[in-house]
K.L.:
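Sharing a structure, written as structure tokens. Questions coming.
All of these numbers come straight from a predicted model, not from anything done at the bench.
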Amino acid sequence: MALGVLYIIFVLISILSLVSIALMFMVKDRKVNNIAFSITVILGLVIGFLNVTALPSNETTEKITVGAVGILALVAVICKVLKKNVLARFLAAASVILGILMLFW
């Protein structure tokens with residue numbers, strides 16, 4: 001029962017991530033693009049937090065690696081503030097995609 005719920009949550013996070021990344025790169029409207037970027041960054045941070053807290057305490061190297069992927073979302077926000085929009089989008093997307101891959105494996 002519990003694994004079924006976790007699987008459903010994983011699928012929902014994956015679908016929401018794909019939709020937000022697609023909106024972030026395909027939509028030309030500035031307001032919708034900013035909303036999609038914000039959702040993608042929040043997802044990157046949440047997925048990074050889930051990854052770090054899911055690992056046992058003795059796997060320090062893996063925790064640091066997964067934490068670095070989560071921090072990519074924060075670097076994306078910094079790049080967005082510095083008006084490097086394309087780099088910010090790619091970093092936010094990379095944070096979410098790599099986070100989901102690390103969450104799966």
K.L.:
Ring pair (Phe, Tyr, Trp, His ring centres under 6.0 Å) with Phe104: which residues, sequence neighbours excluded?
P.N.:
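Result, ring pair (Phe, Tyr, Trp, His ring centres under 6.0 Å) vs Phe104: Phe10.
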K.L.:
State yes or no: do Ile39 and Val77 share one hydrophobic cluster built from I, L, V, M, F, W and Y residues joined by side-chain heavy-atom distances below 4.5 Å, directly or via other members?
P.N.:
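Yes: a chain of side-chain contacts under 4.5 Å links Ile39 to Val77.
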K.L.:
By the ring pair (Phe, Tyr, Trp, His ring centres under 6.0 Å) test, which pairs, at least two apart or in different chains, include something from residues 25-73?
P.N.:
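The answer is Phe25-Phe90.
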K.L.:
May I ask you to list the residues sharing a hydrophobic cluster with Ile78, side-chain cutoff 4.5 Å, ordered by chain and number?
P.N.:
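Direct or chained contacts put Ile78 with Leu82.
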K.L.:
If you look only at pairs with a residue in residues 3-17, which of them pass as a side-chain hydrogen bond (donor to acceptor under 3.5 Å, both in side chains), with sequence neighbours excluded?
P.N.:
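Sorted result for residues 3-17: empty, none.
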K.L.:
Just to verify, which of Thr40, Leu72, Leu16 counts as forming a side chain to side chain contact (heavy atoms under 4.5 Å, CB included) with Val96?
P.N.:
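The option that passes is Thr40.
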K.L.:
According to a 4.5 Å side-chain heavy-atom criterion applied to Ile, Leu, Val, Met, Phe, Trp and Tyr, with indirect links allowed, do Leu45 and Val19 form part of one hydrophobic cluster?
P.N.:
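Shared cluster, no.
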K.L.:
With side-chain hydrogen bond (donor to acceptor under 3.5 Å, both in side chains) as the rule and sequence neighbours excluded, what pairs involving residues 59-74 come up?
P.N.:
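side-chain hydrogen bond (donor to acceptor under 3.5 Å, both in side chains) check on residues 59-74 returns no pairs.
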K.L.:
Once ring pair (Phe, Tyr, Trp, His ring centres under 6.0 Å) is applied, what residue pairs with a partner in residues 51-77 remain, sequence neighbours excluded?
P.N.:
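For residues 51-77: none.
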K.L.:
Write down the atom of Leu23, the atom of Ala36, and the distance for their closest heavy-atom approach.
P.N.:
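Here Leu23 and Ala36 meet closest at CB-CB, 3.9 Å.
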K.L.:
Could you check if a side-chain atom of Ile13 sits within less than 4.5 angstrom of a side-chain atom of Leu50, using non-hydrogen atoms only?
P.N.:
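Side chain of Ile13 against side chain of Leu50, heavy atoms only: contact under 4.5 Å found.
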K.L.:
Of all the heavy-atom pairs spanning Arg89 and Met24, show the shortest one and how long it is.
P.N.:
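Heavy atoms of Arg89 and Met24 come nearest at O-CE, 3.4 Å.
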K.L.:
Taking only residues at least two apart or on different chains, which pairs with a member in residues 94-103 satisfy side-chain hydrogen bond (donor to acceptor under 3.5 Å, both in side chains)?
P.N.:
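Sorted result for residues 94-103: empty, none.
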K.L.:
So which atom in Ala92 and which in Val41 form the shortest heavy-atom distance, rounded to 0.1 Å?
P.N.:
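Where Ala92 meets Val41 most closely, the heavy atoms are CB-CG2, 4.0 Å.
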K.L.:
Minimum heavy-atom separation for Leu43 to Ser20, with atom names?
P.N.:
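Scanning both residues completely, I find the closest heavy atoms to be CD1-OG, 3.9 Å.
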K.L.:
Taking side-chain contact (heavy atoms from CB on, under 4.5 Å) as the definition, give me every residue that meets it alongside Leu12, ordered by chain and number, with sequence neighbours left out.
P.N.:
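side-chain contact (heavy atoms from CB on, under 4.5 Å) check on Leu12 returns Ile8.
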K.L.:
Can you sort out the partners of Val81 under side-chain contact (heavy atoms from CB on, under 4.5 Å), two or more places apart, ordered by chain and number?
P.N.:
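Val81 satisfies side-chain contact (heavy atoms from CB on, under 4.5 Å) with no other residue.
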K.L.:
Pairs of donor and acceptor atoms involving the side chains of residues 26-34, under 3.5 Å and at least two apart or interchain, shall be tabulated with distances.
P.N.:
from: Asn34; atom 1: OD1; to: Lys80; atom 2: NZ; distance (Å): 3.2
from: Asn34; atom 1: ND2; to: Arg30; atom 2: O; distance (Å): 3.4

K.L.:
For the atom pair CD1 (Ile64) and CD1 (Ile71), what is the distance rounded to the nearest 0.5 Å?
P.N.:
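Reported value, rounded in 0.5 Å steps: 10.0 Å.
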K.L.:
Applying a strict under-4.5 Å side-chain criterion to I, L, V, M, F, W and Y, I'd like to know whether Val86 and Ile35 cluster together.
P.N.:
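Same cluster: Val86 reaches Ile35 through Ile, Leu, Val, Met, Phe, Trp or Tyr contacts under 4.5 Å.
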K.L.:
Could I get the full list of side-chain contact (heavy atoms from CB on, under 4.5 Å) partners for Leu87, not counting sequence neighbours?
P.N.:
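side-chain contact (heavy atoms from CB on, under 4.5 Å) check on Leu87 returns Cys79, Lys84, Leu91.
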K.L.:
Using side chain to side chain contact (heavy atoms under 4.5 Å, CB included) as the criterion, point out the one residue from Leu103, Ile100, Val46 that pairs with Asn51.
P.N.:
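The single option meeting the side chain to side chain contact (heavy atoms under 4.5 Å, CB included) with Asn51 is Leu103.
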K.L.:
Sorted by first residue and then second, give each ring pair (Phe, Tyr, Trp, His ring centres under 6.0 Å) pair with at least one member in residues 67-87; sequence neighbours left out.
P.N.:
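Not a single pair qualifies under ring pair (Phe, Tyr, Trp, His ring centres under 6.0 Å).
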